[in-house]
Number of protein chains: 2
Amino acid sequence: MTSALASDLSARSPETRFERQLAKILEHATAVFCEKGYENATMRDLSRASGLSLAGLYYYFESKEKLLYLIQKHYFTTVMGQLSERLKDVSDPEERVRTFIQNHLEYFVAHFKAYKVLSHEDDVLQDELGDEIFALKREYYHSCAGLVEALKREKGLKFNSRIAIMGLFGSINWLHTWYNPQVDGDAPSLARQIGDVFLRGIYATSART
Amino acid sequence: MTSALASDLSARSPETRFERQLAKILEHATAVFCEKGYENATMRDLSRASGLSLAGLYYYFESKEKLLYLIQKHYFTTVMGQLSERLKDVSDPEERVRTFIQNHLEYFVAHFKAYKVLSHEDDVLQDELGDEIFALKREYYHSCAGLVEALKREKGLKFNSRIAIMGLFGSINWLHTWYNPQVDGDAPSLARQIGDVFLRGIYATSART
DNA sequence: TCATACTGATCGAACGTTCGTTCCCTATTT
DNA sequence: AAATAGGGAACGAACGTTCGATCAGTATGA
């Protein structure tokens, strides 16, 4: 049960004490938001979970909303960065789509609490903060769409891209409601099976409007 | 923009005034919960939307939680009843799976606000109320699983049923985040395309654990 | 027929609680 | 000594809910 944020942000030494402590707070907050939901989680819950006083928390961020923003931004940015890294080594279009699926599943199975927060607290953030997170999500969607379009072009397939891709996103984003590692196996196995259904599905379909 | 609940419960004459008024309140509440989310929607919002005073609302139900329960129970029960009706006329296993998908999409495109409330306010209800809704959801899942298993048996297919079915549920439950009737077409067209991908997907896959 | 009694439906006003946030003060570190 | 980090106590606002009162109907009894 090692901490993702802590290992990302606090385990390495050159970081400041402030950043390390903030990372710990964000990690605890992620767990609380996951368990109770953003709206139902109170600042007093976060205080208890992080071992800081209520007032002490506000030394690290300016509002509960901003805290959620920091969490969402961190995980979205990280999973996208990891995807870019992985895609560097893959050139086959089908394999690139599989890499997307596998990266998504591996990352979010490894950070399952954060994954639930990102999925469930999808439209809580408003205004500038919300816009910024929305832009990240759109970028992530488009990176997937680009991979599918490339495959479609290479194989000369005909299908409605938007519906197919949204269907795929549905499959991999719905995981948080049912996934149980002991029943459903690890992330690579899951990614292969979901990838199989999706790829066979689009290979064989024909276009209609 | 005719009202589902009102046409279900209040348009016909033999119903009592109480039931008609409750149905209207439930319908307004569904719209408010859809727009603001259950936690963020206040009893004062519901009062404003339904044109009743805050206190007047409590003549019709005993708590905000119970109100959400009434909404969820109504829509789950109705979609399941409609599915049973439709399946009576269909015997071919593949066509029965397609009927499930089409029924689900048609019903929830027609009751889109309710659909968003059911999908998003998934785990809000607790204790007895939550158990009852959970049982309905499980029944709905099993009715789909039965159809897929029958098809699998008939065609001698090999794939992990749980993962395939959950993938399908993901595809059709994620709709609420992206579906736009003017871009994505009507429910039958959508159902056919999603059904195509899913069915071709499971026809061609082979089993592995 | 007309006063009386009762019911269903609705209201304004308030209740106690909990929320996110802030003020001001004290430790701790540098 | 100055800057950084944290805490105790309280704030106003908003929440879900409840209370007692009201008012339009309707049935009853003389």
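These numbers come from a predicted model, not from an experiment. Proteins come first, then strands; the chains are lettered A, B, ... in the order of their sequence lines, and each starts at number 1.
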Query raised in the report: Does the separation of the ring centres of A:F61 and A:Y69 fall below 6.0 angstrom?
Result: no
Query - B:G51 vs B:L54, nearer the 5' end of DNA chain C by closest nucleotide - result: B:G51
Query - side-chain N/O A:Y59 vs D:dA5 OP1/OP2, d < 4.0 Å - result: yes
Query raised in the report: Starting at CE of A:M43 and ending at P of D:dA13, how long is that distance when rounded to a whole Å?
Result: 20 Å
Query raised in the report: With a 4.0 Å cut-off on heavy atoms, is B:Y60 in touch with a base, just the backbone sugar-phosphate, or nothing at all?
Result: sugar-phosphate
Requested in this report: Assert yes or no for the condition that the ring centre distance of A:F108 to A:H176 is strictly below 6.0 Å.
Outcome: no
Query raised in the report: If we only count heavy atoms from C-beta on, is the A:S119 to A:K116 side-chain gap below 4.5 Å?
Result: no
Report summary line: Result for ring-ring contact (aromatic ring centres under 6.0 Å, His included) between A:Y141 and one of A:F100, A:F169, A:F134 points to A:F169
Query raised in the report: Given atom CZ of B:R48 and atom C1' of C:dC11, what is their separation to the nearest angstrom?
Result: 16 Å
Query raised in the report: Taking C-beta and beyond as the side chain, do A:V117 and A:Y38 meet within less than 4.5 Å on heavy atoms?
Result: no
Report summary line: Pairing string of DNA chain D (Watson-Crick or G-U wobble, both atom distances under 3.5 Å; | = paired to other strand) is ||||||||||||||||||||||||||||||
**Report entry** Value in whole Å for how far the P atom of C:dT21 lies from CG of A:L46
**Finding:** 11 Å
Query raised in the report: Which residue lies toward the 5' end of DNA chain D, B:A55 or B:A41, if each is placed at its nearest nucleotide?
Result: B:A41
Query raised in the report: For A:Q21 and C:dT29, what is the distance between atoms CD and P respectively, to the nearest whole Å?
Result: 12 Å
Report summary line: Here the distance between atom C1' of D:dA5 and atom CZ of A:F61, to the nearest Å, is 14 Å
Query - Check against ring-ring contact (aromatic ring centres under 6.0 Å, His included), B:F33 and B:H120 - result: CA-CA 10 Å; B:F33 286 162; B:H120 198 263; over 10 Å; no
Query raised in the report: Rounded to whole angstroms, how far apart are CG on A:L67 and C1' on C:dG20?
Result: 12 Å
Query raised in the report: What's the CD-C1' distance between B:E39 and C:dG20, to the nearest Å?
Result: 16 Å
Query raised in the report: Rounded to whole angstroms, how far apart are CG on A:N40 and C1' on D:dG16?
Result: 13 Å
Query - Within 45° cone of B:F159 ring axis and under 6.0 Å: B:K152 NZ or CZ - result: yes
Query raised in the report: With a 4.0 Å cut-off on heavy atoms, is B:T42 in touch with a base, just the backbone sugar-phosphate, or nothing at all?
Result: sugar-phosphate
Report task. Using a 4.0 Å heavy-atom cut-off across all strands, classify A:R44 as base, sugar-phosphate, or nothing. Result -> base
